[in-house]
Visitor: 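Before we start, here is the structure in question, set down as structure tokens.
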Amino acid sequence: MNTPVNDNAFNRRKFLQSGGLALASAAILAACGKNDKVSTAYPRIGESPTTTGLPEANVSDIVLLRTASSLEWCAIDAYTAVAGLGILPGAVLPVVKRFQDDHKSHAAALSKAIKKAGGEPFECANERINTLYIAPAVELITGNKDRGVEASDTPVDDLLVLAHGLENLAAATYQYYVSLISQPAVRGAAMTIGQDEARHAAVLAQAIIPGGKGIAPSVNETTGKANPAAVPGAFGSLAAITFAIGKTSEAGTKTQLSLDTPSLNSLAYEYASC
Amino acid sequence: MADTSTTAPPKQPTSADAALLSYALGLEFAMVDIYARVSAAARDDLGAVAELFGAHHRAAAQSLTGLLGRKAPTGRNEKFFAEQSAKASGGTTRDTAAHLAGLENALVATHLKVLGTLRGIDGATLVASIIPIEARQAAVLVGLSGSTALDDIMALDPEAAIDPETYPA
């Protein structure tokens with residue numbers, strides 16, 4: 001008696017059968033019009049891992065508020081890390097402390113708003129934003145010998161530029177979410193925080209380029225790139241936020257980074273938890 | 001979940017939205033004229049700043065006009081302009097900057113109040129794009145007034161929203 005080794009054993013007969021079936025399926029597909037229904041259950045070779053579908057995920061006001069909260073925690077963690085590097089001048093530290101406190105207040109206000117809307121607060125950093133944006137940026141500033149990344153030659157300037165970029169990202173996120181939020185009162189609450197982030201960005205732009213030169217948009221004559229500006233235009237921009245940090249290359253350039261507001265693959269959906 | 005409303009917000013401004021946006025537009029027109037007066041009188045860096053910020057308010061007014069179409073008012077909020085332009089004139093550069101910072105903060109508070117009431121997405125999106133710029137302008141003007149205190153730069157008083165009863169459209 002022949003005993004199968006296991007349920008997935010694939011003998012020659014089965015192979016020929018499945019191959020024949022596959023050919024037949026292909027012929028049917030080719031013959032059918034696009035409106036005809038065709039079985040998609042044709043055989044495949046090898047083991048197919050079981051998959052678990054993601055839970056149902058709607059982009060609700062609660063999800064947007066949870067995502068905003070996750071960004072606030074990114075900022076809180078980033079400022080903690082920046083202060084911990086020990087390279088910022090003493091005059092800058094109170095600004096870092098103040099901005100971090102503001103982000104804590106924002107996170108608390110968002111948690112309250114999420115609970116009021118019937119949701120579960122999301123009180124931790126957005127892992128995807130950390131992985132995609134913040135960790136690589138910090139690595140460009142501090143360096144990483146294991147990965148062959150040299151430390152920046154202008155770390156303090158780069159930290160300010162990074163903070164400016166992150167504050168702009170936060171401001172743009174709140175502005176963008178207004179178009180997605182359904183409840184007027186929630187939109188107002190979101191932009192109450194968003195305008196705080198815009199003020200943070202303005203302060204940082206003035207720290208990078210003080211005085212009148214740092215108010216309106218300008219271009220760096222060496223790199224041809226846009227300088228940080230306290231008031232970069234007539235309307236809040238939703239374009240990607242770009243800046244250059246890291247060790248200056250022989251050509252005089254730094255690594256260009258680009259930040260975008262959190263979209264569908266970065267949202268703190270209701271099934272996600274810290 | 002509390003926010004499972006199945007009624008999507010309207011795209012265009014409702015008639016109630018139009019009234020709120022028209023009020024905001026009258027204030028933007030007034031700010032254009034206030035900055036024009038400051039710019040003409042200034043003999044230092046404040047002149048260039050006033051010219052830039054006035055242009056931003058003009059852009060905001062033009063966009064609000066475009067959104068409202070034929071329903072849009074064509075003039076400034078006269079009482080607001082008369083009172084505030086007088087206060088913005090004649091002082092030192094620092095006094096003027098401080099007054100303008102207060103006006104920008106008042107507009108931010110007003111727009112936030114408007115935004116929290118608007119139902120139409122188009123109006124909400126436009127107002128949301130104006131708010132962060134006026135907040136940034138307030139922050140810069142606080143600096144020009146001589147203050148470096150973060151409490152001053154971050155100050156936003158919701159009660160400072162411009163009252164339609166005090167300054168009717």
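Proteins get letters first, then strands, A, B, ... in listed order; numbering begins at 1 in each.
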Visitor: Do I215(A) and F53(B) make a side-chain contact, defined as non-hydrogen atoms from C-beta onward lying under 4.5 Å apart?
Guide: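 In contact.
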Visitor: Minimum heavy-atom separation for M191(A) and P132(B), please, with both atom names.
Guide: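 Scanning both residues, the minimum pair turns out to be CE-CD, 3.7 Å.
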Visitor: Does CD belonging to E127(A) count more than 12 external heavy atoms closer than 6.0 Å?
Guide: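 No.
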Visitor: Which atom pair, heavy atoms only, marks the closest approach of A230(A) to R136(B)?
Guide: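 Taking every non-hydrogen atom into account, O-NH1, 3.0 Å.
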Visitor: Heavy-atom count check: over 12 atoms from other residues, nucleotides or ligands less than 6.0 Å from E51(B) CD?
Guide: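 Atom CD in E51(B) is not packed in, count stays at 12 or less.
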Visitor: Looking at P232(A), G194(A), A171(A), A205(A), which one has more heavy-atom pairs under 4.5 Å with chain B than the rest?
Guide: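 With the most close heavy-atom pairs to chain B, the winner is P232(A).
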Visitor: Where does I181(A) contact chain B at under 4.5 Å (heavy atoms): side chain, backbone, both or neither?
Guide: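 Contact with chain B is through the backbone of I181(A) alone.
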Visitor: Among Q206(A), H200(A), E197(A), which residue forms the greatest number of heavy-atom pairs with chain B at distances under 4.5 Å?
Guide: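 Looking at each of Q206(A), H200(A), E197(A) in turn, H200(A) comes out on top.
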Visitor: At a heavy-atom distance under 4.5 Å, which candidate from G143(B), A109(B), A48(B), A124(B) has the highest pair count against chain A?
Guide: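 Among the listed options, the one with the most contacts to chain A is A124(B).
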Visitor: Look at G233(A), G212(A), A185(A), A189(A) and state which one has the largest set of heavy-atom pairs under 4.5 Å with chain B.
Guide: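 The option with the most such pairs is G233(A).
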Visitor: Which of the residues S63(B), A135(B), A59(B) is involved in the greatest number of heavy-atom pairs with chain A at under 4.5 angstrom?
Guide: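 Of the candidates given, the most pairs with chain A belong to A135(B).
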Visitor: Would you please test D151(B) and R98(A) for side-chain contact (heavy atoms from CB on, under 4.5 Å) and show each step?
Guide: CA-CA 9 Å; D151(B) 281 347; R98(A) 167 63 195 246; 2.4 Å; yes
Visitor: Is the number of heavy atoms from other residues, nucleotides or ligands under 6.0 Å of D163(B) CG greater than 12?
Guide: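 Yes, CG of D163(B) has more than 12 neighbouring heavy atoms, counting only those of other groups under 6.0 Å.
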Visitor: Are the side chains of T125(B) and S179(A) in contact, using a 4.5 Å heavy-atom criterion?
Guide: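 S179(A) reaches T125(B) side chain to side chain.
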Visitor: T192(A) and side-chain contact (heavy atoms from CB on, under 4.5 Å): which single residue from I131(B), L115(B), V108(B), L112(B) fits?
Guide: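 With T192(A) as partner, side-chain contact (heavy atoms from CB on, under 4.5 Å) holds for just one option, L112(B).
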Visitor: Are the side chain of R199(A) and the backbone of I153(B) linked by a donor-acceptor contact shorter than 3.5 Å?
Guide: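 Flag set: sc R199(A) to bb I153(B) pair under 3.5 Å.
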Visitor: What heavy-atom pair brings P94(A) and L150(B) nearest, and what distance separates the two atoms?
Guide: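 Closest approach of P94(A) to L150(B), heavy atoms only: O-CD1, 4.4 Å.
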Visitor: Taking NZ in K112(A) as the centre, count heavy atoms belonging to other residues, nucleotides or ligands within less than 6.0 Å. Is the count above 12?
Guide: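 12 or below, so no.
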Visitor: Any side-chain heavy atom of Q195(A) within less than 4.5 Å of one from H111(B)?
Guide: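 No, too far: nothing below the 4.5 Å cut-off.
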Visitor: Do P9(B) and R187(A) come close enough that some side-chain heavy atom pair is under 4.5 Å?
Guide: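 Yes; the side chains approach each other to less than 4.5 Å.
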Visitor: A60(B), S129(B), P158(B), A139(B): which one forms the most heavy-atom pairs within less than 4.5 Å of chain A?
Guide: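 The residue among A60(B), S129(B), P158(B), A139(B) with the greatest pair count is S129(B).
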Visitor: Let's test your reading of the structure: which of G188(A), A201(A), A216(A) forms the most heavy-atom pairs below 4.5 Å with chain B?
Guide: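 Most heavy-atom pairs under 4.5 Å with chain B: G188(A).
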Visitor: Heavy-atom distance under 4.5 Å to chain B: side chain of F99(A), backbone, both or neither?
Guide: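 It is the side chain, since no backbone atom gets that close.
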Visitor: Taking all non-hydrogen atoms of both residues, which atom of F235(A) and which atom of I133(B) are closest, and how far apart?
Guide: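 Scanning both residues completely, I find the closest heavy atoms to be C-CG1, 3.4 Å.
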Visitor: With a 4.5 angstrom heavy-atom cut-off, could you sort out which part of V186(A) is near chain B: side chain, backbone, both or neither?
Guide: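 V186(A) has no heavy atom closer than 4.5 Å to chain B.
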